[in-house]
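Here the structure comes first, spelled out in structure tokens, and everything after it is commentary.
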Amino acid sequence: MEKRNVLIDCDPGVDDVMALLLALANQDKLNILGVTTVSGNQTLAKVTKNIRKLWTFLGVEIPTACGASRPIIKEPLHGGEIHGESGMDGWDFPEPVFQLESDNGIVFLKDKIMESKGKVTLVPTGPLTNIGLLFSVFPETKEKIELISLMGGSIFSGNRTPFAEFNIYSDPEAAKIVFDSGIPIVMSGLEVTNQASIDDKEIEDLLTSEGMVSKMSGSLLNSYTNFHRSKGLDNYPLHDVVSVMYLIRPEIFKGRDYRIEIDTSKGVYRGRTAADTGELMKHNPSNTFVLMDTDREEFMKTFFHALKELDKLV
Ligand code: BDR
Ligand code: CA
């Protein structure tokens with residue numbers, strides 16, 4: 001398989017961290033051109049500090065920039081009750097020494113895309129603000145993007161409102177720009193990400209493992225699951241991991257084509273990824289391949305293997 005050039009746009013966020021770890025462990029398949037942060041699970045300042053902490057902990061040098069500090073129109077919305085006060089609660093990271101390459105994530109993304117020899121795949125795992133701004137300000141970048149593999153949306157029901165998923169609900173105007181861009185999209189929405197869930201036993205195994213990356217991941221996940229437990233849930237979805245996993249192991253997923261329209265109305269459906277399979281598609285063809293199922297066993301096997309590989313580094 002030829003290496004894919006990827007740019008990851010994220011809001012770490014515990015599951016964002018897990019997605020980044022999976023990408024880092026699979027650099028034989030992914031050429032990581034850079035990473036950008038966006039306001040989402042926590043403020044831009046916090047999520048950016050989180051990625052600097054993570055890179056410092058791992059000792060890696062991935063070009064990184066911070067992007068938008070708020071959605072295009074909406075007021076910022078954060079997910080502190082899930083990811084904690086820092087956005088990455090559960091592990092005592094040392095103060096970061098890693099330095100950002102740029103504090104203008106939109107120009108950074110444009111430069112990385114335009115400088116790339118080959119086409120680029122975008123992997124957004126937070127609100128789509130940076131990508132919406134990128135396409136608005138630098139539309140020439142669209143020509144060089146072969147795929148957007150994103151975590152966001154849902155066909156049947158939301159997790160932030162009854163109809164909308166957090167990332168899309170956080171910035172529906174940006175999401176609309178992205179889904180209307182004409183670029184092929186693979187959407188990892190709640191239908192598939194809820195299947196990619198870790199359980200208590202697996203977290204316990206990570207916590208008691210020898211490797212520092214596995215241990216750190218277990219601690220973050222343990223803190224992340226507190227929220228789900230408090231709601232009486234016993235499944236802890238690794239949402240963002242799915243959008244990276246698809247690029248590494250597409251064969252463990254099933255999905256179908258949909259025409260996705262983003263609801264930007266001010267009513268109860270705001271932020272919904274409205275899906276059409278039938279009549280409308282005759283006039284407006286499919287713009288999104290929506291992942292609907294995964295082989296959980298294979299998914300978890302690949303995820304745990306990635307953490308073990310990274311254990312060798314720290
Ligand atoms: C999405 O929202 C965030 O809390 C997670 O990081 C993920 O990107 C799931 O709805
Ligand atoms: Ca996220």
Side-chain angles (χ1 to χ4, degrees), residues 7-23 35-44 46-51 54 66-68 71 74 76-90 105 122-131 148-172 174-175 178 185-198 217 220-221 223-228 230-231 233 235-246 262 270-273 290-291 294 303:
L7 283 162
I8 303 174
D9 182 54
C10 58
D11 59 336
V14 173
D15 56 331
D16 299 78
V17 171
M18 301 306 136
L20 290 165
L21 294 175
L22 180 66
V35 175
T36 46
T37 56
V38 65
S39 163
N41 284 323
Q42 264 299 357
T43 62
L44 182 71
K46 287 185 183 180
V47 299
T48 304
K49 188 166 184 190
N50 290 344
I51 201 155
L54 183 68
C66 63
K74 271 185 80 160
L77 176 71
H78 301 305
E81 71 284 9
I82 303 175
H83 301 266
E85 193 48 46
S86 70
M88 198 172 68
D89 280 9
L122 300 181
V123 189
T125 64
L128 289 162
T129 317
N130 287 343
I131 313 301
I148 302 173
S149 176
L150 62 85
M151 191 282 134
S154 61
I155 304 298
F156 300 113
S157 58
N159 63 357
R160 189 68 201 200
T161 76
F163 305 102
E165 179 280 332
F166 176 84
N167 287 340
I168 305 295
Y169 184 72
S170 295
D171 196 342
V178 174
I185 294 176
V186 172
M187 174 175 130
S188 300
L190 297 177
E191 286 73 27
V192 69
T193 65
N194 282 332
Q195 292 174 29
S197 291
I198 191 163
S217 301
L220 295 187
L221 288 164
S223 158
Y224 171 74
T225 57
N226 284 338
F227 165 82
H228 298 81
S230 73
K231 299 273 178 235
L233 303 171
N235 89 15
Y236 321 117
L238 301 174
H239 299 290
D240 293 338
V241 180
V242 180
S243 55
V244 174
M245 187 69 81
Y246 175 77
I262 305 296
R270 183 160 171 76
R272 177 181 179 204
T273 43
V290 179
L291 303 184
T294 190
F303 175 63

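Computed over heavy atoms, backbone and side chain alike; hydrogens, waters and symmetry mates excluded. Counting starts at 1 for both ligands and their atoms, in listed order.
Each of the following atoms of ligand 1 lies closer than 4.0 Å to a heavy atom of N167: 1 (C), 2 (O), 7 (C), 8 (O).
The side chain of H83, and not its backbone, has at least one atom closer than 4.0 Å to an atom of ligand 1 (non-hydrogen atoms only; side chain from C-beta on). Residue-level proximity to ligand 1 for N41 is carried by the side chain, the only part with a heavy atom below 4.0 angstrom. When heavy-atom distances to ligand 1 are checked against a 4.0 Å cut-off, N159 comes that close only through its side chain, counted from C-beta outward. If you look at T125 next to ligand 1, the close heavy atoms, those under 4.0 Å, all belong to the backbone.
For the side chain to side chain donor-acceptor pair (under 3.5 Å) with N41, the lone residue among N50, D240, D16 that qualifies is D16.
The Ca ion (ligand 2) has no N, O or S atom of M151 under 3.0 Å away, backbone or side chain. Among the backbone and side-chain atoms of D15, no N/O/S atom is found under 3.0 Å from the Ca ion (ligand 2).
The nearest heavy-atom contact from the protein to atom 6 (O) of ligand 1 is D15 OD1, 2.6 Å. Annotation: atom 2 (O) of ligand 1 to nearest protein heavy atom, F166 CD2, 3.3 Å. Annotation: atom 8 (O) of ligand 1 to nearest protein heavy atom, D240 OD1, 2.6 Å. Counting protein heavy atoms only, atom 1 (C) of ligand 1 is closest to E165 OE2, 3.3 Å.
Shortest non-hydrogen contact noted between Q195 and T294 is OE1-N, 2.9 Å.
In D11, the N, O or S atom that comes nearest to the Ca ion (ligand 2) is OD1.
In this structure the side chain of T129 never reaches within 4.5 angstrom of the side chain of S39, judged on heavy atoms. The shortest side-chain heavy-atom distance between F303 and V241 falls under the 4.5 Å cut-off. Inter-residue side-chain proximity for H83 and L220 is flagged as unmet; no heavy-atom pair is nearer than 4.5 Å. P237 places none of its side-chain heavy atoms less than 4.5 Å from the side chain of D15.
Between OD2 of D16 and OD2 of D240, the angle at the Ca ion (ligand 2) works out to 70°, rounded to 10 degrees.
Considering CG of L122 and OG of S149, their distance stands at 10.0 Å, rounded to 0.5 Å. Atom CZ of residue F166 and atom CG of residue L77 lie 4.5 Å apart, to the nearest 0.5 angstrom. Annotation: the span from L150 atom CG to T125 atom OG1 amounts to 10.0 Å, rounded to 0.5 Å.
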